[in-house]
Amino acid sequence: MLLPNILLTGQARGGEALGCGQATDLSAVGRRAPERVPCRSVFRGTPGVGKTTLGKELASRSGLKYINVGDLAREGQLYDGYDEEYDCPILDEDRVVDELENQMSEGGVIVDYHGCDFFPERWFHIVFVLRADNSVLYKRLETRGYNEKKLKDNIQCEIFQVLYEEALASYKEEIVHQLPSNKPEDLEDNINQILKWIEQWIKDHSS
Ligand SMILES: Nc1ncnc2c1ncn2[C@@H]1O[C@H](COP(=O)(O)OP(=O)(O)OP(=O)(O)O)[C@@H](O)[C@H]1O
């Protein structure tokens, strides 16, 4: 049985892009030709928009496999140096892609990472950019003990929707969706909506 791959992304990179919101509509979601952009990015810590919470719950209810790229990188030491300014390791994106390639080709994977421009486009059938209101996000990040710069950058990033813009630049617009992630009801709504989408995707791709 063919199973879809899902990318859950949030916020975490500094940047300059400005964007605007898009209502979530999971119907008629397609896919685009493969493309790989070799580069590396700064691994800037955990933004707390709720990707892990959603990804794990979704995996347990759908049977799809959850992969947290941050954990994968830590376990395999898939790093390429250290960023002193942000006090965190720099992700070796090429090695991450190599590590995931086989599982992604098989399908049925939920990938959780706070960046998305280095994954091959062909991997994902749908991309969700989680959004939390700045006040909510600030509190979540503050309780994690983020330093002032990290806090400011991540909140700034959320304000300017940098990740959403990055997702739109990396994937076909129809497969990129924003999901609210402020309160427990949002989580439940998101899960139900994605479960329905998975069910439909499987139907559409079974012969
Ligand atoms: N919809 C929601 N409503 C209320 N709280 C939430 C919601 N989603 C997540 N949270 C809470 O926000 C915090 C951060 O969530 P989570 O760890 O899932 O974020 P994340 O984006 O995966 O961060 P990381 O990059 O560290 O994995 C957790 O304490 C979690 O319980």
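Each ligand, and each atom within it, is numbered from 1 in the order the structure gives.
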As an exercise, identify every atom of ligand 1 less than 4.0 angstrom from a heavy atom of [X].
X    : result
N182 : 3 (N), 4 (C)
L187 : 1 (N)
V49  : 19 (O), 20 (P), 21 (O)

Contact check: [X] vs ligand 1, nitrogen or oxygen atoms, below 3.5 angstrom:
X    : result
R140 : yes
K183 : yes
H114 : no

Checklist entry - Can Q200 and D204 be counted as having a side-chain donor-acceptor contact under 3.5 angstrom? => result yes

Item to check | Partners meeting side-chain contact (heavy atoms from CB on, under 4.5 Å) with L187 (sequence neighbours left out) | outcome: T53, L54, I191

Checklist entry - Given the rule in the side-chain contact (heavy atoms from CB on, under 4.5 Å) test, do N68 and T52 qualify, once you have shown the distances and angles that lead to the verdict? => result CA-CA 7 Å; N68 184 309; T52 308; 3.8 Å; yes

Checklist entry - Heavy-atom contacts under 4.0 Å between L54 and ligand 1: side chain, backbone, both, or neither? => result neither

Checklist entry - Which of parallel (below 30°), tilted (30 to 60°) and perpendicular (above 60°) describes W201 and H205? => result parallel

Next on the checklist: For F128 and H177, take the angle between the two ring planes, folded into 0 to 90°, and tell me which bin it lands in: parallel under 30, tilted 30 to 60, perpendicular over 60.
Outcome noted: tilted

Next on the checklist: Just to be sure I'm reading this right: ignoring hydrogens, which of L8, T53, D189 gets closest to atom 30 (C) of ligand 1? Compare them by their nearest heavy atoms.
Outcome noted: T53

Next on the checklist: Give me the atom names and distance for the closest heavy-atom approach of Y171 to C116.
Outcome noted: OH-O, 3.1 Å

